[in-house]
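Shown next, in structure tokens, is the structure this report addresses.
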Number of protein chains: 2
Amino acid sequence: MDLDLDLRKLRYFVAVAEHRHFGRAAQTLFIAQPVLSRQIRAFEQELGCRLFERTTRSVELTPAGQRLYEEARSITTVVTAALRRVHEAERGEQRLVVAFSPGLHVSEAIRVYAAEHPEVEIDVFPLRWWEQDAPLRDGRAHVGFLRRPFEDSGLRTVPVGHETKVACLPVSHPLAGRHALTSADLDGEEILDVRTRRTSSLDEKFELIAAGQGLALVPLSVAGSYSRSDLVHLPVTDALPVETCLAVPENACAGPVRDFLDVAASTLRRDARPSGPVGA
Amino acid sequence: MDLDLDLRKLRYFVAVAEHRHFGRAAQTLFIAQPVLSRQIRAFEQELGCRLFERTTRSVELTPAGQRLYEEARSITTVVTAALRRVHEAERGEQRLVVAFSPGLHVSEAIRVYAAEHPEVEIDVFPLRWWEQDAPLRDGRAHVGFLRRPFEDSGLRTVPVGHETKVACLPVSHPLAGRHALTSADLDGEEILDVRTRRTSSLDEKFELIAAGQGLALVPLSVAGSYSRSDLVHLPVTDALPVETCLAVPENACAGPVRDFLDVAASTLRRDARPSGPVGA
DNA sequence: CCAGATCCATGCCTCGACGGTATCAATGTG
DNA sequence: CACATTGATACCGTCGAGGCATGGATCTGG
């Protein structure tokens with residue numbers, strides 16, 4: 001991957017895109033106009049696509065340029081937030097990013113923790129369906145409330161609850177009139193799984209179901225939040241409830257994470273046995 | 001703001017952070033070790049804070065370095081996704097980003113649009129409570145389903161529905177035993193508003209309410225999704241329902257946005273009068 | 001139709017940043 | 001205490017960013 005996007009050139013590009021005029025954009029950037037022309041041309045070559053359709057009398061964005069202009073806002077937002085948080089860390093401010101699988105709500109543990117540790121800034125990280133554990137591994141989140149199955153290796157996990165799963169089918173489906181199903185009823189049906197069909201959102205998954213592409217087993221809480229008139233949710237009497245876990249990276253025994261685990265353990269008051277060795 | 005973060009230096013930093021060893025990190029980067037030492041030092045000066053605590057025998061991350069390492073993942077994720085989408089645009093692929101106020105679900109219009117325009121990639125942009133319209137103005141989203149109130153100027157809006165608001169109060173509140181309230185009952189109560197108290201998440205707002213910091217008026221759909229045992233939701237009989245709108249930037253009459261508005265207009269089949277002039 | 005204005009592009013120059021090689025200084029090891 | 005390891009420093013060459021002058025294309029007024 002050529003991740004070497006030059007943020008300075010991106011800033012130049014944004015100026016030209018907003019002014020649609022090289023001379024005035026150069027003025028706001030405090031550089032000379034010829035420099036800007038060359039930088040933009042170099043930027044286009046680096047990206048491999050033209051960004052402006054320009055004559056001597058007009059400067060207009062190409063589709064690629066339009067797209068880049070939109071993306072530039074996301075990039076600058078993330079970068080400025082990152083720099084701000086780095087400086088906060090430099091000043092000693094602590095932060096804890098708690099990831100949540102979709103449909104799970106902020107738990108009791110996080111509220112107790114926030115009350116006990118007001119000096120720690122707490123952020124939530126909404127997880128996507130297909131990236132249950134990745135943000136925990138690469139450092140984007142420190143602790144996570146995940147729904148099984150996910151990849152255990154390298155994580156310490158604590159079970160925190162169970163969710164019953166219900167079958168989601170279109171109203172036109174032959175089984176839709178039943179009051180309850182068994183797993184035997186689902187034999188031969190196409191089950192939409194994270195592995196079989198990578199849907200980017202839950203709504204997209206429901207859309208596939210409504211279109212007759214298959215069925216899905218979804219946690220009850222999710223089914224309740226996203227009710228649609230063209231879908232029905234039916235309990236599956238013999239389905240195993242899916243386990244929800246609190247997970248942290250194995251190597252992370254640092255302050256806030258450690259404290260959070262302590263709070264979680266005392267909050268749960270149930271058989272909260274860590275699945276791995278709990279070192280000091 | 002000094003947004004001029006050098007992504008090349010960031011890449012160097014990540015390599016050192018992962019290897020905790022300048023020589024080996026330099027090998028993987030295909031540069032000489034002295035270069036890496038100088039780049040890291042320059043990077044620290046640009047950021048204004050030390051990133052590594054290093055002796056001749058060990059290299060460890062400072063708190064600021066640890067934070068930057070976490071943020072680096074977010075930055076690279078956003079940048080690579082942005083570059084990918086720019087190239088998709090270059091190849092002619094179209095994209096439509098639909099923003100949603102929290103609690104609103106993907107509407108009928110988006111499903112119909114996706115079915116009619118399978119060539120357009122559709123993304124959703126979950127809006128925060130305090131940034132109802134900003135992503136629409138700066139290009140991060142193309143159309144948005146917003147909940148009033150928001151800043152109208154510069155946007156074309158189409159009313160798409162109404163939501164009744166319910167009062168959310170802690171169970172310990174004197175009014176909590178009532179079956180319904182009127183707005184007169186709420187006189188003198190502290191109402192938690194986006195303007196009065198900038199809560200970063202809905203859960204945080206509910207947490208404030210549970211802590212006795214005040215009450216809030218929340219849309220019914222939101223109240224249903226986030227039920228808590230320490231809060232009660234009561235209808236307010238004379239409260240005006242809050243209007244939900246479909247909004248697009250005034251200057252955007254381009255292809256996918258235009259098509260989406262057409263689909264929305266035909267889908268709604270109600271008095272979908274645009275609030276502004278609908279140019280060609 | 002032409003002179004002038006406007007505006008982006010090109011050529012040439014200077015300077016600073018990046019990368020390489022050689023070497024020093026500090027620390028751990030047998 | 002000799003030696004290896006490792007990060008830091010010094011010095012040098014190259015490349016790219018920025019400035020200035022100018023060219024070429026297009027629109028406008030007379």
Side-chain angles (χ1 to χ4, degrees), chain A residues 1-62 64-66 68-69 72 76 79 83, chain B residues 1-62 64-66 68-69 72 79:
Chain A
M1 307 288 172
D2 56 332
L3 172 35
D4 274 345
L5 179 76
D6 191 335
L7 290 190
R8 187 196 305 120
K9 291 196 177 75
L10 182 65
R11 192 158 49 88
Y12 290 176
F13 161 78
V14 168
V16 176
E18 287 178 345
H19 286 86
R20 284 178 163 71
H21 190 290
F22 279 72
R24 266 181 282 280
Q27 278 186 355
T28 68
L29 294 170
F30 299 105
I31 61 173
Q33 169 265 320
V35 178
L36 190 54
S37 290
R38 258 182 299 130
Q39 292 295 320
I40 295 296
R41 182 161 297 281
F43 198 32
E44 289 178 326
Q45 287 180 353
E46 290 172 16
L47 293 177
C49 57
R50 293 188 64 77
L51 299 173
F52 294 105
E53 206 61 60
R54 44 202 190 273
T55 68
T56 59
R57 306 306 293 176
S58 71
V59 175
E60 288 304 321
L61 285 164
T62 64
Q66 180 72 35
L68 182 62
Y69 181 68
T76 55
V79 168
L83 292 179
Chain B
M1 306 286 172
D2 55 331
L3 174 29
D4 274 344
L5 179 74
D6 190 337
L7 290 190
R8 187 197 304 121
K9 290 195 177 75
L10 183 64
R11 193 160 46 89
Y12 291 175
F13 162 78
V14 169
V16 176
E18 288 178 346
H19 288 86
R20 286 181 162 71
H21 190 290
F22 278 72
R24 264 182 278 283
Q27 277 185 357
T28 67
L29 294 170
F30 300 105
I31 62 173
Q33 170 265 318
V35 177
L36 190 53
S37 289
R38 255 184 302 129
Q39 292 295 320
I40 295 296
R41 181 161 297 281
F43 198 32
E44 288 176 327
Q45 287 180 353
E46 289 172 16
L47 293 177
C49 57
R50 293 188 65 78
L51 299 172
F52 295 106
E53 207 60 60
R54 44 201 189 276
T55 68
T56 58
R57 308 304 293 175
S58 71
V59 175
E60 290 303 322
L61 284 164
T62 64
Q66 180 71 36
L68 181 62
Y69 181 68
V79 169

* A/Arg57 side-chain N/O to D/dT28 phosphate OP1/OP2 under 4.0 Å -> no
Is there, by distance only and without an angle test, a donor paired with an acceptor across the side chain of A/Arg38 and the base of D/dG16 below 3.5 Å?
no
Rounded to whole Å, the CZ-C1' distance (B/Phe22 to C/dC24) equals 17 Å
Review point. How would you label the contact of B/Tyr12 with the nucleic acid (heavy atoms, under 4.0 Å): base, sugar-phosphate, or nothing?
Key: sugar-phosphate
Taken to the nearest whole Å, CD/B/Glu53 to P/D/dG7 is 14 Å
Rounded to whole Å, the NE2-P distance (A/His21 to C/dA9) equals 12 Å
*asked:* Can you classify the ring geometry of B/Phe52 versus B/Phe22 as parallel (below 30°), tilted (30 to 60°) or perpendicular (above 60°)?
replied: perpendicular
Nearest heavy-atom contact between B/Leu5 and A/Leu7 is O-CD1, 3.3 Å
Review point. With a 3.5 Å cut-off and just heavy-atom distances, do the side chain of B/Gln33 and the base of D/dA8 make a donor-acceptor pair?
Key: yes
task = Check every strand shown and say whether A/Phe30 touches a base, only sugar-phosphate, or nothing at a heavy-atom separation below 4.0 Å.
result = sugar-phosphate
Rounded to whole Å, the CD-C1' distance (A/Gln45 to D/dA17) equals 15 Å
Here the distance between atom C1' of C/dC7 and atom CG of A/Leu36, to the nearest Å, is 13 Å
Rounded to whole Å, CG of A/Asp6 lies from C1' of D/dC15 at a distance of 14 Å
Any donor-acceptor pair under 3.5 Å joining the side chain of B/Arg54 to the base of D/dT6? no
* Asked: OP1 or OP2 of C/dA17 sitting under 4.0 Å from any side-chain N/O of B/Lys9?
  -> no
Note to self: Looking at A/Ser37, I'd like to know whether one of its side-chain N or O atoms comes within less than 4.0 Å of OP1 or OP2 on C/dA9.
What the structure shows: yes
